[in-house]
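Inspection log for the structure reproduced underneath, given as structure tokens.
In the text below, chain A, chain B and the rest are named by the order of the sequence lines, each starting its count at 1.
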Amino acid sequence: MKRFFSAMLSAALLLSLLAGCGGGKDNASSGGSTDGGSSADGGSGGYKSDLIIGTAADINNLNLQEQQDAVNNIILKTTHENLVRFTNEGTCVPCLATEWEYLDDTHIQFKLVENAHFSTGEPLTAEDIKFTYDMAKDSYVSSVLSNVLSTEVVDDYTVVLELEKYDNELLPSLASVPVAIQSKAAYESGMEEPWHVGSGRYKFDDWVEGQFCRVVKVDDYWGEDPGVADSIEFRPYLEASSRVIALQNGEIDVCIDPPINELQYLEEDENITVEEKTGSRLFYFAFNVEKAPWDNQTLRQAVACAIDRDAVLQAAVYGKGTPQTTILNRGLWGFYDDMEGFDYDVERAKKLLADAGYANGLSTTLLIANSAPYTNIAQVVQANLKEIGIDVEIQTVEDATLKTMCKNGEQELYLWRWNEDSKVDFVYRDLYYTGSGSNYHHYSDPHVDELVDIVNTEKDEEKRMQAGVELQEYLVDACPQVPLYIANLVIAYNKNLTGTMLFPGGNHDWSHAYIAQ
Amino acid sequence: MIRYIIKRLLLMIPAILATSLIIFVAMNMTGGDPVDSLAPENATEEQIEEIREELGLNDPLLVRYIKYMGGMLHGDLGVSYVTKKDVFATFAERLPATLKLACSSVFVATLVALPLGIYTAIHQNTWKDTGGMIFALFGVSMPNFWLGLMLILFFSLGLGWFPSGGYGGLRNLILPAVTVGLGFAALITRTTRSAMLDVVRQDYMTTARAKGVPEKKVIFGHGLKNALIPIITVIGMQLSNALTGSVLAETVFSWPGVGRLIVDSISKRDTPMVTGSIIMCCILVCIVNVAVDLIYAFFDPRIKAQYAKKG
Amino acid sequence: MAVKNKSEETIQSRSLAQETWRRLLKNKGAVFGMCFLVLLVIVALLSGFLYDYDTQIIQMNMSEALQPPSAAHWFGTDSLGRDIFARVLYGARYSLLIGVGSVTIGLIVGVTLGAIAGFYGGVVDQVIMRCVDVFYSIPNIMIAVVVVSLLGTSTINLLIALCFTCATSFCRIARAAVMTIRDQEYVESAYAMGLPTWKIILKHIIPNCLSPIIVQVTLLIGTTIIAASSLSFLGIGVPSPAPEWGAMLSDGRQHMRDAAYLCVIPGLAIMMTVLALNLLGDGLRDALDPKMKK
């Protein structure tokens, strides 16, 4: 008996020791975070030494050219820089490049800043640009540079890109995270994971998979306006409610994607600011236009008229968004939402259904991913379509399965989203161009392809705009998809947070942010 | 004794082979191509083909399996499709969190269950018995994630005693450990209770009482000591369950454990990560089971003698 | 001779059942559990007549979304304006179906395999039991996740996904029981009389290992209901809009703070059911335990 209790006791001791060790290590490594944020001494003005950002997803890969998730992008945006920077007003401004000009239609020359250097101290030169772009051309993300044929180094601070054709949206492409400039020297030095080296305000410090990723301030940042907070830590809090509570408890300073129905508690909390702005994430309901009966345009239009967007918006995000008529993400160049479109009108829907030859209704399957908001949207759509006599069976699968099934054209109806806040071509070409991999509609129309090319390459602003408007009107009428709504961008943070730079698509830039004290 | 351990460990090998084959085939059969989750949605056919080639996905299933097992012989569990990190390294990084949660939750469970089990056994078929069992069954009757969320609401948001999640020291550990532990308490209580009931009816208990040994000493000294073996078995079983079965609590509390790793990897169709992690889990479970066997021997000289004979 | 033998057996078994029943009634927890479960089954059966699935269970009504409990909606309404009271009652069908269904499949598969393994021993035993070990060592939630990803989410697929755990545990129980009974005299005499093996297994062996199996059945139904709700939490449970309790709970957890009843009520439903099953199971275990005979 004694032996048993002593065994229990020693187990308890061992356990507390284990926990104690972990705790000690944690405290030491995360600086002053646990004791409520002591001001860093010697800093100009008071600020909390570290900024902690609660993310909604696990950080999964920090190699720029092997990933595409917003959760990785926001970290990489603090450590790496591009030739040009995309502002949240939707324009591109100089960053590592000071100026650029088109030598002719297919050659563009960039002049680089001369004092930029990587966190390792190595200067950033034209060689690094060439190295990065060449590597990107051969990576997962090569489509970003699909129009760039080659990169020529003219001198240390001048590069020329040779293009396949003139491209209206080259600069936004060059501003995207996967093609941020990496250090050639770092790769050649044989160091492990050389992709962590960048020229940003912060440098990579530590990443423990599933726990946190931390970046620390670069003391001798080459540019003006260096970072303020000594370190920024990104921590995944997967369960939305716990993330909100963590923000209220002060465990984190920023809560990404707070659940909409809990916003009231955050708004009531005087230590917290809730920011809400128009987003760019478009949720849509779509058809596989290759598969009968959905190759019937009138039938598709009938369905479009039967869907109550307001109810969808309410059910999906409690109305925090904008109903959408056109197929282009809000905020992009040439956004046009004034076409007649197909508003909710059950009588019209029934008439169109009869015109299409399905007066007696039909049954079909709706393929959705097994996460919010799709499950809610699907239930509204199911009820809506039932009113005009279409029986919908909801088939729920995981994201990965949905993508593969849609790509292979196995679906009839499906729900999906498209998120883009800088390039219109990423919407038109990827979703509607004949043969595009993400054209899950399997839509193909030479007229649309032609208009997409015009919008991409036409230099005359007016002609380009005309083509853009025509394309949207044409596609809304052709109805390969029913655009539902654009979700608002909602984010909650400590009221003392300053220097935020939020982007409607979610790729925020945290490198200027800090908690003032 | 040592021969017995070696034999048990060797028996793991065919089990691991079969397990990994099943996982490999199952992962291959699940809908959803890993490449579609990896490549950008707008990737071209050539790009996808290239990634496929790079990951070796163009080989037939069996070839891939044999290659994988070949690597495993050299201690190489492969490289994750998604993070491109070594599977073993990733697993090892997550393991301490899992061990910590598993041990502490079983500890919590035992702390609740042992007294309850003895109490209910002593008061068999009374209201105290029913009440005690209902209390013990609370944890197992609730979906784990629900209990976790309620605890967060109450202790983290309401009282501010504990953080709502994240990995760290004792304060971070308590809520997840209680959540998982209460789920395990029921089985341990039940086993303790019935083991005690068995023992209570034995002659030596009556003899001890007749000899005038105080009741407390009868129960703890004679009773519990002899009831320990099934209790230890069930604690060991719960420990091996805890190693892999706390994925819900891990998600709710953002605890970076192995369970969450496996579930996430399944949804990303990251076959090497799933296979490697599950194999490692199987090995761990097996080691825990051997350890439980050894503890038996420690508590029961008869079994020890048996091992000695075999060894 | 044979006839007489049989009637004797019946009398004996009836009195055994009566004895068990008497002992079960002494256990207050078990009585409570039984009453609750009987009530639940009645509710599940009646709910089909009381409510129309299409118009009262899954029909959304956005104007009445998120109403707190009131006279019109006893348990309030959810975010799509559906009456929680109706959904919880109707949901009993799903949860019970999943629990009972997957345990039944597991029972049939597990007991058959276990009996074969225990009866024949040798290579057959080794092969079956090593397979069981394999499934036992893969975390059961992983099995379920893989099966559901493989087959897609539906109530039936969920049944299949969850039956593996039950099957392995029944297999072990059945094997252990069969092995102890196999060498008993009456089995040997049945052999000597030339009865075919399957008849021996079915008539003599299985009835004699019933009590641990009955106990396990009640406990596993509870475990399975919980596991189904866990799968809902991971996003692969019964697909909406079906009013399965786990799915309701999982959906409702977004409203833990602003409409707590949304997750408290299905949570309580699950808890009471599983608690009742466990209490009954414990009661049965005590009642069936031969050592308890005084």
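Neither the backbone nor the side chain of A:Ser436 comes within contact range of chain B; no heavy atom of the residue lies under 4.5 Å from a heavy atom of that chain. Neither the backbone nor the side chain of B:Arg171 comes within contact range of chain A; no heavy atom of the residue lies under 4.5 Å from a heavy atom of that chain. Heavy-atom distances place the side chain of B:Glu50, and not its backbone, under 4.5 Å from chain A. A:Ser146 does not touch chain B: none of its heavy atoms, backbone or side chain, sits under 4.5 Å away. At a 4.5 Å heavy-atom cutoff, A:Asp399 makes no contact with chain B through either its backbone or its side chain. Using a 4.5 Å cut-off between heavy atoms, B:Thr90 touches chain A through its side chain atoms alone. Only the side chain of A:Trp416 has a heavy atom closer than 4.5 Å to any heavy atom of chain B.
Looking at heavy atoms from C-beta onward, B:Leu151 lies in side-chain contact with B:Val178 at the 4.5 angstrom threshold. B:Ser156 has its side chain out of reach of B:Trp161: every pair of non-hydrogen atoms, C-beta onward, lies at least 4.5 Å apart.
With B:Trp255 as the aromatic partner, B:Lys100 does not meet the cation-pi criteria of under 6.0 angstrom to the ring centre and within 45 degrees of the ring axis. In this structure, B:Arg94 is not positioned above the aromatic face of B:Phe91 in the sense of NZ or CZ being under 6.0 Å from the six-membered ring centre and within 45° of the axis.
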Q.
Evaluate A:Glu251 against A:Arg235 for salt bridge (charged side-chain N to carboxylate O under 4.0 Å, His left out), listing each step before the verdict.
A. CA-CA 10 Å; A:Glu251 294 159 44; A:Arg235 282 192 209 157; 5.8 Å; no
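Highest contact tally toward chain B, considering only A:Asn72, A:Leu431, A:Asn249, is held by A:Asn249 [criterion: heavy-atom pairs under 4.5 Å]. The most heavy-atom pairs under 4.5 Å with chain B, out of A:Val208, A:Val397, A:Leu62, come from A:Val208. With respect to chain B, the highest number of heavy-atom pairs below 4.5 Å among A:Gln68, A:Glu66, A:Gln67 belongs to A:Gln68. Comparing A:Pro236, A:Ser242, A:Ala246 by how many heavy-atom pairs each has under 4.5 Å with chain B, the most go to A:Ser242.
Looking at B:Arg260 and A:Asp58, a side-chain N of the basic residue comes within less than 4.0 Å of a carboxylate O on the acidic one, giving a salt bridge.
Classified by interplanar angle (parallel below 30°, tilted 30° to 60°, perpendicular above 60°), the ring pair A:Tyr414/A:Tyr440 is perpendicular.
Around CZ of B:Phe88, the count of heavy atoms belonging to other residues, nucleotides or ligands within 6.0 Å does not exceed 12.
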